[in-house]
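Report on the following structure.
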Amino acid sequence: MPRRFAWWGYALLCTALFCLMSVLSTGLRLGWTSDAILFQSALGLVTGALFLASQMRPGASLLDLSLLRNRAFAAAVAIAVVFGAGNFATSYAIPVFGQLVQNQSATEAGLLLLPASLLVMAMLPLTGRASDIVPVWIPVMGGLLLFAGGTALLSVADANTPYWSLVFFAGISRFGMAWINPALMTAALSALPQDRLNQAGGAINFFRQLGGGTGTGVIVLVLESRMLVYSEALAQTQTPDNAASRDLLAALGMLLGPAGLPEAETRQAALDWLGQAVFAQATAFSFQDGFLVMAFLFVLALLPAWALARATGK
């Protein structure tokens with residue numbers, strides 16, 4: 001007899017996830033102690049706890065949490081969350097970096113990831129076969145290190161970094177991700193009995209997507225918060241004692257002078273340009289911090305990868 005769909009559990013899960021994503025995306029703008037954020041946080045925690053409690057009951061369920069008692073599967077889930085976070089966060093951040101920091105067109109920024117995507121597509125048959133041959137910890141740990149390395153290189157990119165260097169850095173990280181997913185699924189599913197593979201496949205895909213949504217929210221939060229910090233810090237350096245800014249304003253004044261603008265308007269235009277330059281620098285610094293956070297997250301994922309190697313014994 002087919003099981004009935006768990007509508008109450010589904011409603012609780014949707015509410016909890018909606019509140020989580022809303023808090024991440026609007027908490028900085030509305031204020032972490034604002035009434036709306038506190039209400040959404042409380043509602044998300046309550047519905048999340050109720051959802052977990054509902055999944056503990058025997059019978060029909062959306063998410064079989066008992067699978068996490070298997071150490072290999074639990075380690076694979078932890079890596080899947082990080083994998084999803086890194087994949088979605090960098091897919092968002094790299095094109096936006098191209099547009100905001102390097103003033104690329106939407107097409108140019110979108111094409112930054114095209115060679116990396118083609119590389120992943122070409123590599124998947126090879127990485128899929130390799131995951132059945134070599135010990136799973138080799139492609140998983142190797143892929144994590146490659147992703148961390150490529151993203152760390154992005155953390156030093158700025159407005160002057162060549163376009164094809166960005167493509168190359170993105171390619172390194174995506175090349176690493178091509179090795180992670182096949183080996184991860186092999187390790188996770190081979191650790192469970194045949195009759196639980198359907199639940200396991202759905203669970204690990206859910207956690208990967210959960211990591212993706214959360215990772216996008218986290219990278220946006222890091223970018224916004226660090227941009228505020230850097231904008232304020234750089235603005236405080238723009239004083240009459242700052243010789244570099246003073247010389248820059250003088251040079252801009254000389255360039256704008258022949259245009260026939262009054263002195264007051266010339267000075268205001270130079271100040272506006274300086275403000276835009278400060279904001280652009282703060283934006284570049286915030287993206288560098290965001291990429292560094294993602295690289296650090298993948299380095300931390302080496303811990304569950306090591307646990308996965310111990311749990312699988314290969």
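Please read these numbers as outputs of a predicted model, since none were measured by experiment. Positions are given from 1 along the sequence. What you see below is based on every heavy atom in this structure, not just the backbone, and it leaves out hydrogens, waters and symmetry mates.
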Neighbour count above 12 (heavy atom, 6.0 Å) for Tyr92 OH: no
Shared hydrophobic cluster, Val46 / Leu12 (ILVMFWY, side-chain heavy atoms < 4.5 Å): yes
Leu300 to Pro304 - nearest heavy-atom pair and separation: O-CD, 3.4 Å
Flag, side chain of Thr127 to backbone of Leu124, donor-acceptor distance under 3.5 Å: yes
Hydrophobic cluster membership, Val82 vs Trp306, 4.5 Å side-chain cutoff: yes
Separation of Leu189 CG from Asn198 CG (nearest 0.5 Å): 10.0 Å
Under 3.5 Å: donor-acceptor pair, side chain of Gln288, backbone of Leu154: no
Nearest-0.5 Å distance, CZ of residue Phe168 to CG of residue Leu153: 7.5 Å
Candidate list Leu113, Leu119, Leu118, test side-chain contact (heavy atoms from CB on, under 4.5 Å), partner Arg174, passing option: Leu113
Donor-acceptor under 3.5 Å (Thr214 side chain, Gly211 main chain): no
Nearest heavy atoms of Ala309 and Trp137, plus distance in Å: CB-CB, 3.4 Å
Approximate separation, where rounding is to 0.5 Å, of Ile37 CD1 and Leu28 CG: 10.0 Å
Spacing of CZ belonging to Phe287 relative to CE belonging to Met227, to within rounding of 0.5 Å: 6.0 Å
Working for side chain to side chain contact (heavy atoms under 4.5 Å, CB included), residues Gln209 and Phe88: CA-CA 9 Å; Gln209 296 300 320; Phe88 279 67; 3.5 Å; yes
Side-chain heavy-atom pair Gln40, Leu30 within 4.5 angstrom cut-off: no
Over all atoms of both residues, closest heavy-atom pair of Val140 and Ala183: CG2-CB, 3.8 Å
Verify same cluster id: Leu50, Trp7 (apolar side-chain graph, 4.5 Å): yes
Members sharing Phe39's hydrophobic cluster (side chains within less than 4.5 Å): Leu43
Plane angle bin for Trp179 and Phe175 - parallel if under 30°, tilted between 30 and 60°, otherwise perpendicular: perpendicular
Check: Leu65 and Leu52 side chains under 4.5 Å, non-hydrogen atoms: yes
Shared hydrophobic cluster, Leu292 / Phe285 (ILVMFWY, side-chain heavy atoms < 4.5 Å): no
Least distance between heavy atoms, Leu112 atom then Pro95 atom: CD1-CA, 4.5 Å
Single-linkage hydrophobic cluster, 4.5 Å side-chain cutoff, Phe296 and Ile180 together: no
Side chain Tyr163, main chain Glu108, donor-acceptor under 3.5 Å: yes
Residues Phe83, Arg208; criterion side chain to side chain contact (heavy atoms under 4.5 Å, CB included); working and verdict: CA-CA 7 Å; Phe83 176 89; Arg208 183 167 50 223; 3.5 Å; yes
Any side-chain donor near an acceptor of the partner, Arg29 and Ser34, under 3.5 Å: no
Derivation of the side chain to side chain contact (heavy atoms under 4.5 Å, CB included) call for Met177 and Val120: CA-CA 8 Å; Met177 295 177 73; Val120 171; 5.7 Å; no
Nearest-0.5 Å distance that lies between atom CH2 in Trp164 and atom CZ in Phe169: 14.0 Å
Donor-acceptor contact below 3.5 Å, side chain Ser22 vs main chain Cys19: no
Heavy-atom pair with the smallest gap, counting every atom of Ala301 and Ile79: O-CG1, 4.3 Å
Nearest non-hydrogen partners of Phe291 and Ala93, listed with the distance: CE2-CB, 3.8 Å
Side chain to side chain contact (heavy atoms under 4.5 Å, CB included) between Tyr230 and Thr283, intermediate numbers included: CA-CA 8 Å; Tyr230 283 122; Thr283 302; over 6 Å; no
Pairwise distance CD1(Ile172) to CG(Leu145) - rounded to 0.5 angstrom: 12.5 Å
Thr151 side-chain N/O to Ala148 backbone N/O, donor-acceptor pair under 3.5 Å: no
Test item: Val220 and Ser25 side chains (from C-beta on) under 4.5 Å apart, heavy atoms: no
